[in-house]
Amino acid sequence: MKDLLQHADEMPVTLVVAIAYGTLAVVTKMFGPAEQFAENLHRFGMLTPQLVTAGEPWRLLTYAFLHGNALHLVFNLMMLFGIGPQLERTLGSVRFAALYVVTAVGGGLMVCLTQPFQQAVVGGSGALFGMLGCAVALLMRSGRHSFAFLEFEGPRRLMAMIVANLVIGFLLPFVSNSGHIGGLLTGFAFTLFWLAPGRQRSPLRLAWRAVVLLLFVSAGFASLVPVTRADYLAGAALAAQGERREQLERAFFEVTTRR
Amino acid sequence: MTAPPPPTAPPPTTRPRWFHWAPIAAGLLLAAWPFVLWAVHQENPVAAVRLARGAATALTTTAFYGALLASGLLLLWPPAPAWLRLVATRTWRNLTLDRAPLERARSELQHFESAARQLEVGRQLRLLRQLAAAVHHLARAIELDPSVAGAHHQFGLALFTAGEIELAGRAFANAERLDPGHAFGDALLHLGRCQFLAGHTEAAASTLCSHQQRHGGSPKSHLWLAEVLDRSGDRDGARAALRTAAARPSHRLDAEQNWCRARARVRLWRYGAGR
C-alpha cells in the first residue's frame, strides 16, 4: 500500500479502474437490498448476450467495472493491484488503458458467443485475465527463446495461477469462465501482435495481424447480429411484417424445435 | 591449397510455404462466416439457420472422421509416427532456439567486423530460417576470409534450404576442397545430393559412394544413395542401399534420420523386397 501511494503518479489507470470499481459498488448499492442491487446492475451496464443484441453494445465494456458481491470485488481488486502496477509501468498508461478496454470487450464477446442469451455477467476478471495474457506474451517476447521464461520461478507461478484460476472457474457454477478465456486470449493476441510485436517484419506477421483484427470484428458482428439465435429471430419477427415476418417465424421454430 | 573466390549469390528470399498460410486462410474463412450467414439471412432466414446447422454438423463429422483417420494412419502407416516426430521436433526447436548468441554476435559485429563474427551471425540466422539475411552475412564472411571451410559449408546449407541447388553444390565443393571430410562428411553428403538434384547422376553416385567409404553411412545417406542408384538404373544396388537405410538401428536415431529410415522402409515395400 505504501508503494502504491508513493508511486500513484506512475499508475493512474490502475488507480482509476480501482476507484471505478469501488464507486460503482457504492452507486449500485452492493450492500443494499438484493432486488434493488440487481436492478442497479442492469441499469449500470451488466452484460447479457440478449441485451447486446437488442442494441446495447456498450454493455460489452461496462460490465467490466461492476461486481456481483463484496468478495468478488475484493478478489478482483487484489488481482488488479497484484498485476496492474507492474504492467502499467511496463506498457505505459495509454497502452495499459487500451489493453483494459480491448480485453474487457474480448471477454464480453466470448460471453456473447458461448453463453445462453439470458446469462447475466459482471466483473472485471475478463480484463484482469487479459492482463495475465499480456504478461505471458511479454515474457515470451523477452527471453532467449519463446519458452525461456519457464526456467524462472516467478513466471512459473504466474502460469500456475492462470491454470488454477481457470480450473476454479470450471468447477464453480457461478463463474463465467468463457469471459476469462476470452479476456486471456484477447490480451495475449493484442500484446503479441500490437503492443509488443517482434522486430522482424514479414508479410506473414502482417497477415496474422489482419486475421486477428478481422476475427475480433467478426466476433463483434456475430454478437450484435446473431442471425441463428432464437431471441434475435423472435425480436426480428415481432418487428417485421408480412412475408418477412413469416420467414422469421419459420426460422425461429427451426431453431427452437429441431435438434 | 588455393582459396576459392568469394561467392556472388543472389540473396534468396524466404518464401512462406502453404502450411504458413493455411491457418491464416482458415482464420479468414472463420472471420467471414458471420457475414455470410447474415447475407443468407437477409434473403432467407430459414436457409441461414439450416446453413449454420449444416456447417456445425459437417465440422463435427469431419473432426470425428479426421481423428479416426489420423489414428489409423498413426497405427498402420509406418512413416506417420516418424513424420509426426519430425514435425514436433522441428517446431519445438524453432520455438526454443536461443536468440542470445545471434544478438551477441550482432552486437560484436557492430564494433569490429571479422569473418568469424559474420559466420556466427550467418549461422544463427540460418538456424532461425532467415535465409536472405543469413546468405548476406555468410557471403561477407567468405569475402573476408575465403579459406574458412565452415563458412562455405554454412553458405551451402543456407542456399540448399532456399532451393538454390547449383550454387549450394559449388559452396559444398569449396568446403570439401578446403577441408576434406568437413563437418564429419556433411559437406560431401550434401554435395552428392546437390549433384543428384542438378541431374548429374553419375557424379552424385560417385560422391555418395565416396562419402560412405570415408564416413560410414546413416539412413539419410543410404536413402539418398538409393535414389541416385535407382535413377541410374541399378535397382539391385538401390534395393541394397534401402535395406541398409531401413535396418533396425542399434541406437536411438534423431528425428530426421528416423524419418529417412521410415521413407526407406516405404520405398523398400514398394520395390517388393518382401516377395
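Every chain is numbered from 1, with letters handed out A, B, ... down the list of sequences.
At a 4.5 Å heavy-atom cutoff, the contact between A/R244 and chain B is made by side-chain atoms alone. Residue contact with chain A, scored on non-hydrogen atoms closer than 4.5 Å, involves the backbone and the side chain of B/Q42 alike. Both the backbone and the side chain of B/L30 come within contact range of chain A, each with at least one heavy atom under 4.5 Å from a heavy atom of that chain.
Across A/H145 and B/T96, no two heavy atoms sit closer than the pair CD2-O, 3.1 Å. Of all the heavy atoms in B/I24 and A/A207, the pair that sits closest is CD1-CB, 3.7 Å. Of all non-hydrogen atoms in A/F221 and B/P34, the two that sit nearest each other are CE2-O, 3.7 Å. Taking each heavy atom of A/E254 and B/V46 in turn, the nearest pair found is OE1-CG1, 4.0 Å.
Here A/L214 contributes atom CG and B/F35 contributes atom CZ; the two are 8.0 Å apart, rounded to the nearest 0.5 Å. If you take CG on B/L28 and OG on A/S218, they are separated by 10.5 Å, rounding to the nearest 0.5 Å.
Formation of a donor-acceptor pair under 3.5 Å by the B/R99 side chain with backbone atoms of A/G143 is found in this model.
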| task | Mind running side-chain contact (heavy atoms from CB on, under 4.5 Å) on A/F252 and B/V49 for me, showing each step along the way? | result | CA-CA 9 Å; A/F252 173 79; B/V49 170; over 6 Å; no
| task | Tell me, with the steps shown, if A/T228 and B/R50 meet side-chain contact (heavy atoms from CB on, under 4.5 Å). | result | CA-CA 9 Å; A/T228 54; B/R50 285 182 183 158; over 6 Å; no
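Using a 30° and 60° split on the angle between ring planes, A/F147 and B/W92 fall in the parallel class, below 30°.
You'll find the side chain of A/W208 reaches within 4.5 Å of the side chain of B/P23, heavy atoms only. Between B/L95 and A/M140, the closest side-chain pair of non-hydrogen atoms is not below 4.5 Å.
When the shell of 6.0 Å around CH2 of B/W33 is examined, it contains more than 12 heavy atoms from other residues, nucleotides or ligands.
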